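Taking it in order: structure first as structure tokens, then the write-up.
Since we're looking at a predicted model, the values are computed, not measured. Both counts, for ligands and for their atoms, begin at 1 and track the order of listing.
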Amino acid sequence: MTAANLFDLDLDGLGAFCEQLGEKRFRAAQLFQWIHQRGVTDFAAMSDIAKSLRGKLADVATLRPLAVVSEQFSADGTIKWLFDVGSGNAVETVFIPEEDRATLCVSSQAGCAVGCRFCSTGHQGFSHNLSTGEIVAQLWHAEHVLRRRGVARAAAGERVISNVVMMGMGEPLQNYSALLPALRVMLSDHGYGLSRRRVTVSTAGMVQMIDRLRDDCPVALAVSLHAPNDALRDQLVPLNRKHPLDQLLRACRRYLETAPRDFVTFEYCMLDGVNDSPEQAHELLTLVRDSPATRIACKFNLIPFNPFPESGLHCSPRERVLAFAEVLRNAGIVTTVRRTRGDDIAAACGQLAGEVQDRTRARERLASRRIPIRAVPATKRVAAGAPAAIVEEARR
Ligand code: SAH
Ligand code: SF4
């Protein structure tokens, strides 16, 4: 029998596991704190847990951290880890320190099956879903390794990681059964104690799963929109053909009925000559705000496209991004332009590639797809790497 990996269990699951061992359920809280708050993986070192239970755990359970393949440091303080997730696959996790918070960008899958045209993970194809333990272990690793290194927040007796965003590799809502217990570990007072507002699930638009998340564990929701109409979104985010915008926006409205924040964050990757014109900004306004059927409390986060060679796409010039933002702001919608972090170590949004043993022939599929790219004079184009120059970001 293989030993159960306790990183796979939320507090309820651990309670049930303790009961199976003939122990009282409440022991789970103590155990959970040792694992997630104190970062201990050796049962023998859990000194206030009865010796008999420690003995049983050593026989039937384990705590399996992720093996680090590499760790890279950006000049701006961002750290990117590449973790081995088996069978020749590796996923990336990014630590992004800021003045008033420290965010961890966590992966949910080895690769991604959605295949968005502008995303490096999508181009890698898909291998497999991560387990709950593999999702949780990314946070466990970052929190406890950085704490041991004396990262400032921890020195003040606080957690190192203040926010988690499920914006690493993969579509989290296509791995829902592993995601849900992982979110519960993050939120648990005996675990990482993060508030629902500080844990964000980002989705390309899995409509039914947005409803399930609302019912099971309504954390902050970010939706990757990227286009103001179905014709363009079909091309950029293939999932749109199955779940078109009208359905998606209605799901966002339903989500807000129980959401911890009173808005949905719409992410919009700015692609030169593709989705970045002032007309498209107005069309976007009509989509999210002016239609009575879908009027949605929202914020926009414009993400300068982070280029990678196979995409064939370019980042919108800075002035076009700012003009687009202005149209939305003038209509009263809070709009931020995301600051690019960790671009010197390819840790920015959409650059996470990891190592994926693709089982979906993504490269061929993406190569055959055509995007209606408006001709933009070459002189107006921004060279690769330029998004780093865009450093404006309003606070949430
Ligand atoms: N699969 C989820 C979460 C992971 S992607 C989703 O799509 O929402 C996290 C964010 O990065 C998404 O908003 C995604 O659209 C954006 N993104 C992907 N590739 C990008 C790129 N090359 N440049 C900028 N943003 C990108
Ligand atoms: Fe997958 Fe998100 Fe990348 Fe699209 S943007 S391919 S959904 S990870």
Looking only at heavy atoms, is any part of I303 under 4.0 Å from ligand 1, and if so is it the side chain, the backbone, or both, or is it neither?
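Near ligand 1, I303 shows its side chain, while the N, CA, C and O stay back.
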If you define the side chain from C-beta out and look only at heavy atoms, does anything of V237 sit under 4.5 Å from C116?
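Yes. Closest side-chain heavy atoms under 4.5 Å.
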Are F324 and N275 close enough that some pair of their side-chain heavy atoms sits under 4.5 Å apart?
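No - every pair of side-chain heavy atoms lies 4.5 Å or more apart.
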If the cut-off is 4.0 Å to any non-hydrogen atom of [X], which atoms of ligand 1 fall inside it?
X	result
C119	18 (C), 19 (N)
C269	23 (N), 24 (C), 25 (N)
T203	6 (C), 8 (O)
E267	10 (C), 12 (C), 13 (O)
M166	3 (C)

Pick from E171, H226, M167: the one approaching atom 14 (C) of ligand 1 most closely through a non-hydrogen atom
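Residue with the shortest heavy-atom distance to the ligand atom: H226.
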To which of C112, S202, G170, P304 does the heavy atom nearest atom 1 (N) of ligand 1 belong?
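It is G170 whose heavy atom sits nearest to atom 1 (N) of ligand 1.
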Only one of E267, E171, Q174 passes side chain to side chain donor-acceptor pair (under 3.5 Å) with T203; say which it is.
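That would be E171; it is the only one of E267, E171, Q174 passing the side chain to side chain donor-acceptor pair (under 3.5 Å) with T203.
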Please report the closest heavy-atom contact between Q109 and G170, naming both atoms and the distance.
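The pair with the smallest heavy-atom distance is OE1-CA, 3.5 Å.
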Contact with ligand 1 for S120, non-hydrogen, under 4.0 angstrom:
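No.
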Are any side-chain N or O atoms of R159 and backbone N or O atoms of Y192, one a donor and one an acceptor, separated by less than 3.5 Å?
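Checked: pair present.
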Check this for me - ligand 1, F118, N or O atoms closer than 3.5 angstrom, yes or no?
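Such a contact does occur with ligand 1.
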G168 N/O under 3.5 Å from ligand 1 N/O:
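No, G168 has no N/O under 3.5 Å of an N/O on ligand 1.
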Approximate separation, where rounding is to 0.5 Å, of M167 CE and L104 CG:
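Nearest 0.5 Å value for the CE-CG distance: 12.5 Å.
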Gap separating the CE atom of M46 from the CZ atom of R54, nearest 0.5 angstrom:
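Going from the CE atom of M46 to the CZ atom of R54 covers 9.5 Å.
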Hydrogens and angles aside, do Q30 and R27 bring a side-chain donor and acceptor to less than 3.5 Å of each other?
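Side-chain D/A pair, Q30 to R27: present.
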Under the side-chain hydrogen bond (donor to acceptor under 3.5 Å, both in side chains) rule, what do Q357 and S87 come out as? Steps first, then yes or no, please.
CA-CA 8 Å; Q357 303 304 311; S87 314; over 6 Å; no
Proximal protein heteroatoms (N, O or S) of atom 1 (Fe) of ligand 2, under 2.8 Å:
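Correct list: C112 SG.
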Could you walk me through whether N301 and T336 satisfy the side-chain hydrogen bond (donor to acceptor under 3.5 Å, both in side chains) test, starting with their C-alpha distance in whole Å, then the side-chain angles of each, then the deciding distance to 0.1 Å, before giving a yes or no?
CA-CA 5 Å; N301 193 358; T336 58; 3.2 Å; yes
Using side-chain hydrogen bond (donor to acceptor under 3.5 Å, both in side chains), reason through S127 and N89 one step at a time and then give a plain yes or no.
CA-CA 8 Å; S127 170; N89 294 283; 3.0 Å; yes
